[in-house]
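In the text below, chain A, chain B and the rest are named by the order of the sequence lines, each starting its count at 1. Note that these values count all heavy atoms, side chains included, but never hydrogens, waters or copies made by symmetry.
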There are 2 protein chains.
Amino acid sequence: MEADTSRIEEYLESIYKLQQEQHPVSTSRLAEHLKLSPPSVSEMVKKLAHKGLVNQIEKGVCLTEEGSRMAKKVIRRHRLSERLLTDVLGFKWDEVHDEACRLEHAISPEIEDRIAESLGNPKTCPHGHPIPDKDGVFVKEIVRPLSELKAREKGIIVSVFEEDPKMLQYLASLGLIPDVCVEVEEVAPFGGPLIVCVSGSRYALGREVASKIKVK
Amino acid sequence: MEADTSRIEEYLESIYKLQQEQHPVSTSRLAEHLKLSPPSVSEMVKKLAHKGLVNQIEKGVCLTEEGSRMAKKVIRRHRLSERLLTDVLGFKWDEVHDEACRLEHAISPEIEDRIAESLGNPKTCPHGHPIPDKDGVFVKEIVRPLSELKAREKGIIVSVFEEDPKMLQYLASLGLIPDVCVEVEEVAPFGGPLIVCVSGSRYALGREVASKIKVK
DNA sequence: CCCATAAATTAGGTATACCTAATAAGTAAA
DNA sequence: TTTACTTATTAGGTATACCTAATTTATGGG
Ligand SMILES: [Mn+2]
Ligand SMILES: [Mn+2]
Ligand SMILES: [Mn+2]
Ligand SMILES: [Mn+2]
């Protein structure tokens, strides 16, 4: 017994994440995110459905109550791992995603508890995403993508919806990290860049990039 | 690509450990330690031999140069994980073996380095076993099992060659942990118990138990 | 040297999670 | 409504690492 659940966890984690963008998650989207072939995903999704972790509806897959509960546990372990890596071991925010993605499957409930406790029950990961508590509960802040702010509007960065190390390095180099205040100075028309002001400096940011940054 | 090496690592780790007791390691001994059937081990050992990690000689299996190098890397990660768990996360020494046995496969060279660094390059795990450095080098202290001491002999506990949590709890409850000084007060004949004195208290210890405790 | 037992391996099979190629189902433009 | 994509699934296959049962290979006592 004691089956290895890491693949299942990885699927649930991805589905959870993709659901935030678009509700029923398509096979192809999921395959792309997991870097697997669509048939592999199709097959695995069937197994997940059989286990009662997802429902396959018309236009895609969505987590069941139980699938969601399990996903949130994985996400908690992922984000706590990220915090351990940054806060205790001195990693930078662009180095922790992939590492955490492996660690999350090797962390027992006991380790999870100890990490949370010794870090003072952090509420977010280094990218600003909420860490669910043991019961899967977390505060969901109302945020807007920076790309939707009008000229002269200000916001405080809550989170950065991005995993690519290069992009995260870039954002950090501009000081675009959680808790920082940004002001949009102007918005170029026709989907052009935003001119933003952050801690005294002015930068031009592409829309695509700006849409990843969530502010309140 | 990027094959999953965790099973291989687990075999090498076991072989390395068992070699310390008895040199060529038998299939059955290895199977027992890994809690697998002898045929499974037989087959896997063939694969390891094929990869040049072990040599199959007359009476059993032994690590090649490369197998040994790889084993020591796993052991380094295992022991550093144990230290992280005890020193940073507050686990007790009897709780860390199984956890580390999972973590060791999820730890990248970067995490390994950071753990070592942030713990000040510890030389031993919580059980007193040496942590090899990045090149697989470690100081091998000359030790004797406590069971071989004569009456009135004293020694300092170096390490405890045991993984069973119950046993470790027991030993800790008697204060039999690394760096502690023990004196053998008397040795009962015919393989009987040892009467040992440890930080002012006197206890009777079975030979079997005493043989796990290495002193210098 | 023979035989009983112990140890190791071979034979044959399962489960899991991936793949490519082929097919089927949906969707949207002409 | 037919056609051309796109998306999803089925079919068939691979690799890995386990298992049990059967067989082979040591080995040590008589
Ligand atoms: Mn993950
Ligand atoms: Mn994060
Ligand atoms: Mn291990
Ligand atoms: Mn140890």
Side-chain angles (χ1 to χ4, degrees), chain A residues 1-15 18-19 21-63 67 70-71 74 98 101-102 104-106, chain B residues 1-15 18-19 21-63 67 70-71 74 98 101-102 104-106:
Chain A
M1 306 302 114
E2 269 300 286
D4 178 11
T5 55
S6 55
R7 296 314 299 155
I8 291 175
E9 289 176 355
E10 209 57 31
Y11 275 78
L12 297 178
E13 189 187 18
S14 283
I15 296 167
L18 296 175
Q19 274 192 352
E21 297 172 342
Q22 190 172 30
H23 195 62
V25 177
S26 72
T27 303
S28 43
R29 203 58 204 80
L30 188 50
E32 184 191 23
H33 192 257
L34 288 165
K35 300 183 207 299
L36 295 173
S37 73
S40 300
V41 171
S42 203
E43 207 178 343
M44 186 61 154
V45 160
K46 223 186 303 169
K47 286 178 203 161
L48 296 178
H50 192 252
K51 285 182 193 290
L53 299 169
V54 302
N55 284 322
Q56 285 182 285
I57 58 167
E58 326 87 73
K59 330 192 71 55
V61 67
C62 49
L63 295 172
M70 196 164 162
V74 181
D98 290 357
C101 226
R102 254 173 308 106
E104 71 198 8
H105 310 295
Chain B
M1 304 306 112
E2 268 301 287
D4 178 11
T5 55
S6 53
R7 295 314 300 157
I8 291 175
E9 290 174 357
E10 209 59 29
Y11 276 80
L12 297 179
E13 190 189 17
S14 283
I15 296 168
L18 296 176
Q19 274 191 353
E21 297 173 344
Q22 190 172 29
H23 194 64
V25 177
S26 71
T27 304
S28 44
R29 200 61 202 81
L30 187 51
E32 183 192 25
H33 192 257
L34 288 164
K35 296 181 210 297
L36 294 173
S37 72
S40 301
V41 171
S42 202
E43 208 177 343
M44 186 62 154
V45 160
K46 223 186 302 170
K47 285 178 202 159
L48 297 178
H50 193 251
K51 283 181 197 290
L53 299 169
V54 301
N55 284 321
Q56 286 182 282
I57 57 166
E58 327 88 73
K59 332 194 67 55
V61 66
C62 49
L63 295 172
M70 195 164 164
V74 181
D98 290 358
C101 225
R102 253 173 308 107
E104 70 197 7
H105 311 296

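- For the pair A:I57 CD1 and D:dA8 P, the computed distance is 13 Å after rounding to whole Å.
- When the C1' atom of D:dC18 is taken as reference, atom CE of B:M44 falls 10 Å away, rounded to whole Å.
- Looking at every heavy atom in both residues, A:L34 comes nearest to A:S14 through CD2-OG, 3.2 Å.
- At C:dC18, none of the side-chain N or O atoms of A:K35 fall inside 4.0 Å of OP1 or OP2 (strictly under the cut-off).
- Between B:R102 and A:A106, the shortest heavy-atom distance links the atoms NH1-O, 2.7 Å.
- Per the geometry, CG belonging to A:D4 stands 17 Å off P belonging to D:dT16, to the nearest Å.
- Here the C1' atom of nucleotide C:dA25 and the CD atom of A:E58 are 15 Å apart, to the nearest Å.
- When the side-chain nitrogen and oxygen atoms of A:S37 are compared with OP1 and OP2 of C:dC18, none of them lie within a distance under 4.0 Å.
- Between the CD atom of A:Q56 and the P atom of D:dA8 there is a distance of 11 Å, rounded to whole Å.
- Contact between the side-chain N/O atoms of B:S28 and the OP1/OP2 oxygens of C:dA6 is not found at any separation under 4.0 Å.
- Among the nucleotides C:dC19, D:dT10, C:dA17, the one closest to the side chain of A:S40 is C:dC19.
- When rounded to the nearest whole Å, the span between CD of A:E43 and P of D:dG12 equals 13 Å.
- Taking 4.0 angstrom as the limit, A:R7 places a side-chain polar atom (N or O) nearer than this to OP1 or OP2 of C:dC18.
- Shortest non-hydrogen contact noted between A:T27 and A:P38 is CG2-O, 3.7 Å.
- Considering only the side chain of B:S26, C:dA8 comes nearest among C:dT10, C:dA8, D:dT10.
- Between A:K59 and D:dT7, a side-chain N or O to OP1/OP2 separation shorter than 4.0 Å is absent.
- A salt bridge is defined here as a Lys NZ or Arg NE, NH1 or NH2 lying under 4.0 Å from an Asp or Glu carboxylate O, and A:R29 with A:E32 meets this definition.
- Per the geometry, CG belonging to B:L36 stands 15 Å off P belonging to C:dA8, to the nearest Å.
- We find the NE2-CD distance between B:H50 and B:Q56 to be 11.5 Å, quoted to the nearest 0.5 Å.
- At whole-Å resolution of the value, NZ in A:K46 and C1' in C:dC18 are 14 Å apart.
- The shortest distance between the side-chain N/O atoms of A:Y11 and the OP1/OP2 oxygens of C:dC18 is below 4.0 Å.
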